[in-house]
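Residue numbers count from 1 along this sequence.
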Amino acid sequence: MGQAVPEFWLGLILIMIFYAWLDNPFTGESLLPSGGMYTLGEGFNIIDRIEHLILPVTMGGVTWIAWYSRFLRSQYA
């Protein structure tokens with residue numbers, strides 16, 4: 001998936017899903033933030049920083065797994 005679909009395109013799709021379509025069942029707000037490193041106007045909050053890292057880390061992991069699986073497949077085939 002990471003090799004066939006460009007990373008920016010899959011990232012935009014994930015933002016649409018987790019920011020625009022899915023809502024937090026407890027607060028009614030979006031499930032994940034759409035961007036940025038932290039919420040503006042808030043002090044340092046580790047939970048807020050982790051929430052802002054979920055989508056970028058997921059995209060980096062998907063891309064890395066796709067590359068690594070192709071590398072391993074070509075090495076052992």
Side-chain angles (χ1 to χ4, degrees):
M1 179 128 172
Q3 294 283 331
V5 177
E7 187 174 354
F8 69 89
W9 183 253
L10 189 57
L12 289 173
I13 298 297
L14 286 177
I15 289 173
M16 285 177 42
I17 291 171
F18 289 105
Y19 179 72
W21 294 341
L22 295 179
D23 292 331
N24 188 335
F26 301 111
T27 63
E29 297 175 355
S30 62
L31 195 58
L32 291 174
S34 63
M37 194 167 108
Y38 56 90
T39 302
L40 294 175
E42 263 190 43
F44 180 77
N45 184 356
I46 193 71
I47 301 298
D48 184 52
R49 299 284 174 112
I50 291 172
E51 286 177 348
H52 281 82
L53 279 174
I54 291 174
L55 286 177
V57 169
T58 301
M59 282 308 305
V62 166
T63 304
W64 183 82
I65 288 171
W67 175 84
Y68 195 67
S69 64
R70 285 183 60 114
F71 175 73
L72 284 178
R73 183 175 178 216
S74 67
Q75 188 174 4
Y76 292 113

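- The shortest heavy-atom contact between Thr58 and Ile54 is OG1-O, 2.6 Å.
- Residues satisfying the ring-ring contact (aromatic ring centres under 6.0 Å, His included) test with Phe26, not counting sequence neighbours, are none.
- Residues passing the side-chain contact (heavy atoms from CB on, under 4.5 Å) test with Leu12: none are found, sequence neighbours excluded.
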Could you give the side-chain donor-acceptor pairs of residues 28-41 under 3.5 Å, partners two or more places apart or in another chain?
unit_1	atom_1	unit_2	atom_2	d
Ser30	OG	Leu32	O	3.4
Thr39	OG1	Asp48	OD1	2.8
Thr39	OG1	Asp48	OD2	3.3

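- Interatomic distance, CH2 of Trp21 versus CD1 of Ile13, reported as 6.5 Å (0.5 Å rounding).
- When hydrophobic side chains of Ile, Leu, Val, Met, Phe, Trp and Tyr are connected at separations under 4.5 Å, Ile46 ends up clustered with Phe44, Ile47, Ile50.
- In the hydrophobic clustering, Leu53 connects to Val57, either directly or through intervening members, whenever side-chain heavy atoms lie under 4.5 Å apart.
- Note that CG of Leu14 is 12.0 Å distant from CH2 of Trp9, once rounded to the nearest 0.5 Å.
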